[in-house]
Structures are given as structure tokens and as C-alpha cells.
Amino acid sequence: MWWLIIVELAVTLLITLAACRFYLHMLQLESYQLDGYMRWLKREKNRQFGWTLNAGLIASIAAIILPVLLSLFGTGEIKRSTITASLLSTAFFTIYSALMIVKDFKTRQKKKMKFTGRMIRLTVTLALVIAAALGLLFLIFRRESAGLVLMWIPPFAVIILAPWLTWLAARCIQPLEEAFHRRFFRMAQKKLASRKNLIKIGITGSYGKTSTKFCLQAILSVKYNVYAPKSSINTPMGLSKVINEELTDAHQVFIAEMGARHVGDIRELVELVHPRYGVLTSVGPQHLETFGDVKTVANTKFELIEGLPKNGVGIFAADDGEVDKLYERAKCDKRRVGISETGMLNLRAENIQSGPFGSRFTLIADDGERVDCETKLLGRHNISNLVVCCQVARELGMTMAEIAEGVARVQPVEHRLQLLPGAMNVIDDAFNSNPVGAKRALSVLKEFPGRHLIITPGFVELGENEKEFNYQLGRQIADACDAAILVGPKHTAPIKKGLLDSGFRPDDIKVVRTLEEATALIRTFVGNGDTVLFENDLPDNYTE
């Protein structure tokens, strides 16, 4: 009988590990943060585990009843019935796990799972954890004295425990990953320290970091050889990797985007990069699930300014709000720039015009020098980010004419107020929406001719105030749009209420379950010459 147990253990291990792919993907989407993964489990348990438990229960009943019937009415010996029971049990759970895997792959995934070195190590650790759990359960339940009815428990148990086994594997491997992190971190620190003439710039903010990074890269590239990490790489591990592998001696400027979900995250990144120039784009209600309130967000972003050297320069995007408060707190050499109409600005944009052509504005320095600029970017907040970049360029000795040339080079970042012109204008603002960014996007939309349609699933990660923020979004949509398609009946309920409370016609609101359904309905509400705004697209770990 031992050979049968070994075979069943091996098969159950493989099918459980394959079924865990879904949970591994969710953990990766949470940046391997165990607290974030557990919040996802809590948030999604009813939707995810309801299907799992029901399907598992059906498989379990089938795996119990058939072996029992064979043992009662079969003609073979009980040993033969036991073998048949084991094989049937394994077969049923193989089919069940296959259904889970197919379900996972059929789900539209916006961000595919990446089999990085860390994911491979985690998968191996998970296999060991599952094997240990299975071994323990088989010792308890697979004895002949336990009877046939209990023989289904080990494979069923590990399937049901899969989300927590994934967490346990990540917890077990955490010390090893921290050791890898420290090693790569020190290597990157040493490499940066060896480049005495490298100009290092840090950018942080609640929103606008990635857009500002690429704008700055485009402007500085008129005069310098600039390296900025691709996409939204803004964590210690991500930056350490690109510094070690991609930064070369030919690069004159290194731009580091600095993200944060916890207090101290920016400080760690400053210890890695040691930037001379610190750029603060914005402060707002982002990641309140971990920060708690906007004041904590502001203090965390300010870690960049506090970490600047004695000859460092802090550059603040004036907002007449939280950023200006941090500007007042700053003790370093500092600049206040942007499009604010209050207070002194070292560099400002005036005469801003936006439309299907993009944006035009006049850039004016505090010494009176000015230049006309044109860009494909949309929105006053993007112009504010551009002015921040222009100030950095001035700090590095670029002329106003060179800066205007750089502004013209700037391309919209994909899914961040990206204008896709055609018979119908499409504004793609699907990346990581937030209350301030959404309000700005709606302001841009109002400047376009024709009818206006928004497609949105609303906001996430805004803590206990999330429903209120979504309700206010509904009221803002009512002021800027002629029609709205809401993605996700439950999550967008506050948005719908905000729309209706603002007098929006019910016939101009459509609630769907998926983005594909929403896209198919566009022509129902708008036509040629009109404009569609895609505002936010929830990540896979927030699907309804």
C-alpha cells in the first residue's frame, strides 16, 4: 500500500501546487507584502472561497460516495476497494484543480504573473510546505483504521488551505529574501557611490511620479545621457536590480522614482540612491489602508527632502495645500514651482490651453525670462509636473530654449491621461486612479467638444473613506459627463448614488461587470467627434 500512498502524495502535491498559481499571482501583485496579501484574502474571501468550497464539496462528496458504494457492493477484496477509492479520490481532485487552473487562466489578467528568481524560490518553498502538510494529513487520516470515508480529507484539506499555505511559504522564505535584498542593496549602493560625477535625482509623490520621471528624462536628454528605469520601478529591490544591471558609466544622470506604502519606505530608498535633487510632485489620499491618513502620507513623502545632502535642492510642485506645507517645513535649498496663483514661484506656467492638440503654455522664470512651449500632454497637473522638470533642467544649467525643445519631446505615458485621437477622442487615464487625479482628468474632459462619456470602476485602497470618495466621484462625473458606464455593480454603487443624487438621468448610467462589456457599449452613448475617458482599471486582485 505504501506505493499507492507515495503516488497519491505526489499527484496531490502537483495538482495543489498548480492550483496555488492563482494565489502566488495575487501575492506578487501585492509586491510580496504579507500584510497586503492578508488584506486581499479578507477582502476577497467570500467571492474566491465560495466557489472553491462549493466545487471542493462536490468533488469531496463524489470522492466519498463512489468508494463507499464500491466497498459495499463490489465483489473484490477490501484492499482492492481501498486502492480504487484512492485512485478515484485523486482523480476527482485532479479534475477539480484543473478547473481552478482553467478558471485562473481564463480570467482577463492586466498584469501577467512573472516567474522571476523570487517567484521561483517561493514556488519551491511552497512545494515543500504543501508536501509537509500532506505528509502530516496522510499520517492522521490515511490509516486503514480511519476507514474509507476519511480518505478524501488530505487532498481536500490542502486545496482549501492553499491560500494560507501560500502565505506560510512566503513567510518561511522571507529571511532568505531579506538576505538577497540586503546583498543587492549594498551592491547598488557601492556602484552609485563609485560614480562621483553622476547626477542623482529622486522623485516622489502620491501621484505623478512615473509621468514626471519620463518627462524629466525627455527634457534632460537634450543635453545629458539620462538613465531612468522603465515602467513604475520604485521599490528598493527594483531599483537595486536596475542599478546593478542597467546603469552604465556612460550615463550622466540617474532618475529614481521613489514609491511608498509604509512609513520609512522613502527613507530606505534615499539611503540607496543618496540623491542631490529631490522632487515632490503631490500629496494626497493614496494607500490609506497602510498609511491611515494624509498627514502620514505627507510625512513619508517628506523623507526624501529630509534625506538630501547639505548641497541638495528640494523642488516642490506648488499646490496651495499639503505640498506647500512641506515646502515651508523644508530647511534645505528649495524651489517652489508650478501653476499656482498664490505665493512666489521660481518657475511658472501661464496661458495654458488644452484640447485635442495637447497643451500649450508659456514658461516664465522668476528673473523674467520666458519661452512658449507645446506638448502632447493633457491636464493642468501634467503641466505642473512639466514645470517641476523644467526647474530641475534649469538647476542643471539648461537654457530656456533647450528646455522648450525637451518639452516638445515629451510623450504621454501609457494609460496616464494618454490622448488617443481618432474619429472619437479617447483619453486613457486607466493607471492607478486617485481622487485628485480623477478630478483633474474630468476637468480635461470638459475642455473637449461634443458629448462626454466616462468608463470607470472607481477607486480602491482608500481605507474607510473609500465609499465617500467614490460617492464624490459620482457627483463630479455628473458635472463633466453626459453618460457613465460603471464597471462592477457592488464597488461602483456609491458612484451611482452620487450620480443620481446630482440629478443624472438613470438612462445615462450603465452598470456592467467587465471592461469588455463596457467597451462594447460605447457607441450606445457617444459617436464621432465625442470623447471617452477611461478612468482607472482595477488590478487583478481587485476584480469583483
Side-chain angles (χ1 to χ4, degrees), residues 201-213 215-216 234 255-261 263-267 269-270 275-288 291-308 312-350 352 361 363-366 377 379-395 416-417 432-441 443 462 469:
I201 304 166
I203 298 174
T204 193
S206 296
Y207 22 83
K209 297 184 294 294
T210 303
S211 300
T212 303
K213 175 178 68 178
C215 289
L216 183 56
N234 59 20
I255 305 173
E257 177 185 342
M258 299 181 172
R261 300 183 78 169
V263 174
D265 284 352
I266 301 295
R267 187 177 298 114
L269 289 165
V270 171
R276 180 182 175 187
Y277 300 94
V279 174
L280 183 52
T281 65
S282 56
V283 172
Q286 277 284 77
H287 304 304
L288 294 184
F291 284 122
D293 54 49
V294 174
K295 182 179 180 181
T296 305
V297 174
N299 289 334
T300 302
K301 302 303 180 185
F302 196 65
E303 291 171 2
L304 169 58
I305 305 302
E306 291 176 316
L308 294 177
V313 179
I315 299 172
F316 298 76
D319 67 348
D320 301 323
E322 295 298 327
V323 175
D324 281 354
K325 293 177 184 177
L326 296 181
Y327 172 81
E328 295 298 329
R329 280 176 56 185
K331 304 300 182 182
C332 63
D333 192 11
K334 58 189 178 182
R335 313 283 185 267
R336 181 176 181 265
V337 303
I339 57 177
S340 171
E341 296 180 357
T342 62
M344 177 182 174
L345 295 174
N346 297 98
L347 191 66
R348 67 185 186 276
E350 291 187 356
I352 301 171
F361 62 94
L363 188 66
I364 306 173
D366 53 5
L377 301 187
R380 291 176 66 86
H381 63 293
N382 272 327
I383 303 304
S384 175
N385 292 339
L386 273 176
V387 178
V388 167
C389 299
C390 294
Q391 181 62 42
V392 176
R394 282 174 60 83
E395 299 292 332
R416 292 170 173 86
L417 266 186
N432 196 28
S433 182
N434 57 79
V436 176
K439 185 177 180 179
R440 290 167 170 172
S443 296
L462 295 182
F469 280 122

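Start at 1 with the first residue, then count along the sequence.
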To the nearest 0.5 Å, what is the distance between [atom1] on [X] and [atom2] on [Y]?
{"X": "Gln391", "Y": "Leu363", "atom1": "CD", "atom2": "CG", "result": "9.0 Å"}
{"X": "Glu322", "Y": "Lys295", "atom1": "CD", "atom2": "NZ", "result": "10.0 Å"}
{"X": "Ile364", "Y": "Leu345", "atom1": "CD1", "atom2": "CG", "result": "10.5 Å"}
{"X": "Leu377", "Y": "Ser211", "atom1": "CG", "atom2": "OG", "result": "7.5 Å"}
{"X": "Leu308", "Y": "Asp333", "atom1": "CG", "atom2": "CG", "result": "10.0 Å"}
{"X": "Leu216", "Y": "Ile203", "atom1": "CG", "atom2": "CD1", "result": "5.0 Å"}

For [X] against [Y], the heavy-atom pair lying closest together:
{"X": "Ala349", "Y": "Ile383", "value": "CB-CG2, 3.7 Å"}
{"X": "Ala317", "Y": "Val388", "value": "CB-CG2, 3.6 Å"}
{"X": "Gly202", "Y": "Met258", "value": "CA-CE, 4.1 Å"}
{"X": "Thr300", "Y": "Ala260", "value": "CG2-CB, 3.9 Å"}
{"X": "Asp324", "Y": "Ala318", "value": "OD1-CA, 3.4 Å"}
{"X": "Phe302", "Y": "Leu326", "value": "CE1-O, 3.4 Å"}

Do [X] and [Y] have side-chain heavy atoms sitting under 4.5 Å apart?
{"X": "Glu395", "Y": "Ile315", "result": "yes"}
{"X": "Leu347", "Y": "Cys390", "result": "yes"}
{"X": "Thr296", "Y": "Asp293", "result": "yes"}
{"X": "Thr212", "Y": "Cys389", "result": "yes"}
{"X": "Leu304", "Y": "Leu280", "result": "no"}
{"X": "Val313", "Y": "Arg335", "result": "yes"}
{"X": "Ile305", "Y": "Cys332", "result": "yes"}
{"X": "Lys439", "Y": "His381", "result": "no"}

Does Lys334 qualify as a cation-pi partner of Phe316, given the criterion of NZ or CZ under 6.0 Å from the six-membered ring centre and within 45 degrees of its axis?
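Lys334 over Phe316 ring: no.
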Side-chain donor-acceptor contact under 3.5 Å, Thr342 with Asp320
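Thr342 vs Asp320: donor-acceptor pair found between side chains.
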Check the pair Asn382 / Arg440 against side-chain contact (heavy atoms from CB on, under 4.5 Å), numbers first and verdict last.
CA-CA 9 Å; Asn382 272 327; Arg440 290 167 170 172; over 6 Å; no
Check Glu328 with Lys325, please: is the shortest side-chain N to carboxylate O separation under 4.0 Å?
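Answer for the salt bridge query: no.
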When you measure from the side chain of [X] to the backbone of [Y], do you find a donor-acceptor pair of N or O atoms at a distance under 3.5 Å?
{"X": "Glu303", "Y": "Gly264", "result": "yes"}
{"X": "Thr281", "Y": "Tyr207", "result": "yes"}
{"X": "Lys301", "Y": "Gly205", "result": "yes"}
{"X": "Arg336", "Y": "Met344", "result": "yes"}
{"X": "Asn346", "Y": "Asp366", "result": "no"}

